[in-house]
Novice: 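If you scroll down you'll find the structure; I have some questions about it.
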Amino acid sequence: MAKEIKFSLVFRDMWQSAGKYQPRVDQLVKVAPAIIKMGCFDRVETNGGGFEQVNLLYGENPNKAVREWTKPFHEAGIQTHMLDRALNGLRMSPCPKDLRKLFYKVKKAQGTDITRIFCGLNDPRNVIPSIQYAKEAGMIAQAALCITHSPIHTVEYYINLAKTFIEAGADEICLKDMAGIGRPESLGKIVAGIKAYKKDIIIQYHSHAGPGFNMASILEVARGGCDYIDTAVSPLSWGTGHADIIAVQEMLKDAGFKVKEINMAAYMEVRTQIQEMMDDFLGYYIPKLNHLNNSLLIKPGLPGGMMGSLMTDLEDNLRSLNKWKVKNNQPELTTDELLIKLFDEVAYVWPKVGYPCLVTPFSQYVKNLALMNVIQMEKGKERWSMIAENIWDMILGKSGKLPGEVDQLFKDMAKKEGRKFLTTDPQDNYPDELETYRLKMKQAGWELGEDDEELFEYAMHPQQYEAYKSGAAKAAFEKDLAERKEKKQVHAHGAENVKKQLPKQVTVNVNGKNYLVNISYDGTMPASAATPGLTQQAAPAEPAAPVKGEGIEILAPLEGKAYLVQSSSETPKKVGDHVEEGEVICYIEAMKVFNRIKAEKSGTITSIAFTSGDSVEEDDVLMTIA
C-alpha cells in the first residue's frame, strides 16, 4: 500500500519570505474558504514569529487576526500551526519564563493547534522547556531541527538531536530547512534515521526554494518516511519562498505516494486573492529579487524567511552608504554589488562566530555583523568596529551554546572589554516581567484582554505595542505606504503628472478617533500626528518633544529607529541627567537588533533630539552632552 504524504500551506511564511508585512485580518478571513476548498491541505500555518509583530507595525491587533483567521480551518477539520522561537517566543530577543508559559496558553485559546519550536543554536536547553509548556497548554509540540550545511551539522548530529527532543516529549519532529541549503541525500538519511529510532513519530519537512535544492530534497525526505510537506501557492511560491503545491503534488504522485487531489478552481481563486492583496499594499514591500531563485544563496546560507526583510533593509543601507560615498567623492555601489559583498562577508563571518544556524534571530545577527563590516570597510574603517549587544550576547553564550568554537579574535576582544563567556542555562539571564507589564497596563488604563492576550502582546512586543496603542505605528505605516505608491506612480507616469494628484494628508483612525497625518514627499514638510497627546500614553516617562542644548553632539552611527530604552527594566535618560563616559544613553534599532549608543564624555545631557520610535539617519544628532 502506498504511503500517504500530507500537505501544509505555509501561508504566514509565504508572506514573510517575500516582503515585510502580512495580510490584514479581513484579507485573511476572505481567502480562508478558498484555501479550504482546494481540498489538498491537512494543515495551514496561520501565525507565529513575525506575523504578530508586523501586524502591530501597521496598526492592527494581531490577537483579533489570529482568532478570526484560525476559526474557519478548525470548522473544516484542518489543523493550524505556528512558528515559535523557543527562548525568544515570537520576537528577536529572549523572553522571561512567565511570558513563555503564558504564550502557549494564549495561542491555544486563540485556536492554534501545533507549535513548531525551534532554536537557531539547536540548544536543547531552549527547546525542551517550550515542549513542556506547549503540552501543558494542550498544544501539539513539534520540535524543529534547524538544518544547515557545515562540518559540524552532520547526519548523525541531527539524528541525535531528534532523539533528545523525542525523549523530552516532543510529539512531532520538523526538519526546518530554512535556507533551503540542506543537501537532498543527507536530508533523506536524517528522516530515515529518525524513523528507525521511532517509527510512529510524525515528521514534517519545511524548505525554501531559493538555492535550488528543495524539489530534490522533498523527494528524498518523502522516500525516507516523511509525513507532511510544507508548500506554497503562486504568486508567492518559488523565489525566496517555497515550492508550489501543484509541482510537489505531481512529483510525489508520480513517485508512487498517495496524495490528495487539488481543486484547481479553488487554487486559481487563492492565487487571484493573493495577487489582489499584493496590489492593495503588500506588493509595495516585496522586492523583485525575492521572486527569483538564486544559487548564490548556497554560500552564505541565509534563510528564505529573512530575505523578505533583508532586501527591504538593504535599500535603506545602500541609500545611506551611497550618500556617504557621494559626500566623500567615491563611486556609488549598486544593489547587486552590495549584495555580493554581503554574501561573501557572511560566509567569512559565520565560522568565526561558531556556526549558529542561520535562522531568526541568529541569521539577522550574523547578517548584521557582516553588513556592518562591509559598510565600515567601504568607509575605510576596520572590521568588527561595530558589534551590537544582541550579537555579543550570541557570541558570549547568553542565548545558548554555539555549535562551534568562537574565533580567538572575539575571545581577545571580550577580554579587553571585560565581557565574560557564559555556560549557565540561558533562561537564568532573563527574570520574570509579566507583573511589571500588568502594572503598566493598569496605569495606562489598558485592558488585559481575553485570556490575558493583550498582556501577552504588550510583554512580547513592548515598543511595537506602545506604537500600536498610541496610533504612531499606523500613522508611520500610512505615511510610508503613500510615499511608496508615489514613487511607483512617478516611475510610471512622471513626477509632474503625479504630483498634482498626491494626497497631502491621510486620516488615521485610532481607537475610534480620527487623527490627521501630514505627508511629505520631498522632506520639506515634516509629517506628524495632529494631536500632541497621541504618543504620550505609550511612553509617559519619556520626553514629549526634543529640546535644545549646548555641548558635544552625539551622532547616530547608522540609520534606524531611536529609542531611549530597550526594556521596561531600564530608566530612560532625560535632560539634566548626569552620565559617565561609556554609559549607554539610548539605542538605535536597525535590522531587528538594538545598537547601544554610549556617551562619548562624562557630563550632563542638555538636549534630546528625538522622541522614542523616531526614524533617524546616519549622522543625525541624538543628544548633546555638556
Novice: Check whether NZ of the Lys or CZ of the Arg Arg419 lies under 6.0 Å from the centre of the six-membered ring of Phe410 and within 45 degrees of that ring's axis.
Specialist: no

Novice: Just so I know, are the side chains of Lys135 and Tyr104 near enough to count as touching, which here means a heavy-atom distance under 4.5 Å?
Specialist: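 In short, these two side chains do not touch, never coming nearer than 4.5 Å.
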
Novice: Would Arg43 count as a cation-pi partner of Phe7, with NZ or CZ less than 6.0 Å from the six-membered ring centre and within 45° of the ring normal?
Specialist: no

Novice: Taking the six-membered ring where the residue is Trp, are the ring centres of Phe456 and Phe103 under 6.0 Å apart?
Specialist: yes

Novice: Taking salt bridge (Lys or Arg N to Asp or Glu O under 4.0 Å) as the criterion, tell me which of Arg91, Lys107, Arg67 meets it with Glu52.
Specialist: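 When salt bridge (Lys or Arg N to Asp or Glu O under 4.0 Å) is applied between Glu52 and each of Arg91, Lys107, Arg67, only Lys107 qualifies.
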
Novice: If only side-chain N and O atoms count, and only distance matters, is there a donor-acceptor pair under 3.5 Å linking Ser207 with Tyr205?
Specialist: yes

Novice: Using the six-membered ring of Phe165, assess whether NZ or CZ of Lys163 lies under 6.0 Å from its centre and within 45 degrees of the ring axis.
Specialist: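 Ring-cation test returns no.
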
Novice: Using the ring centroid of each side chain, check whether Tyr587 and Tyr563 are separated by less than 6.0 Å.
Specialist: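 Not close enough - the centres of the two rings lie 6.0 Å or further apart.
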
Novice: Determine whether the side chains of Gln427 and Arg125 contain a donor N or O and an acceptor N or O closer than 3.5 Å.
Specialist: no

Novice: Name the residue from Asp113, Val44, Thr46, Ile35 that meets the side chain to side chain contact (heavy atoms under 4.5 Å, CB included) definition with Ile78.
Specialist: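 Per the side chain to side chain contact (heavy atoms under 4.5 Å, CB included) rule, the option paired with Ile78 is Val44, out of Asp113, Val44, Thr46, Ile35.
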
Novice: Are the ring centres of Tyr355 and Trp350 closer than 6.0 Å?
Specialist: yes

Novice: With a 6.0 Å cut-off on the ring centroids, do Phe11 and Trp69 count as close?
Specialist: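 Close enough - the centres of the two rings lie under 6.0 Å apart.
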
Novice: According to the interplanar angle, ranging from 0 to 90°, do the rings of Tyr465 and Tyr468 count as parallel (below 30°), tilted (30 to 60°) or perpendicular (above 60°)?
Specialist: tilted

Novice: Parallel, tilted or perpendicular: which fits the ring planes of Phe281 and Phe477, with parallel below 30° and perpendicular above 60°?
Specialist: perpendicular

Novice: When you measure from the side chain of His208 to the backbone N and O of Ala179, does any donor-acceptor pair fall under 3.5 Å?
Specialist: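 Judged by distance alone, no pair lies under 3.5 Å.
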
Novice: Indicate yes or no: does Glu389 engage Arg596 in a salt bridge with an N to O separation below 4.0 Å.
Specialist: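 A salt bridge links Glu389 with Arg596.
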
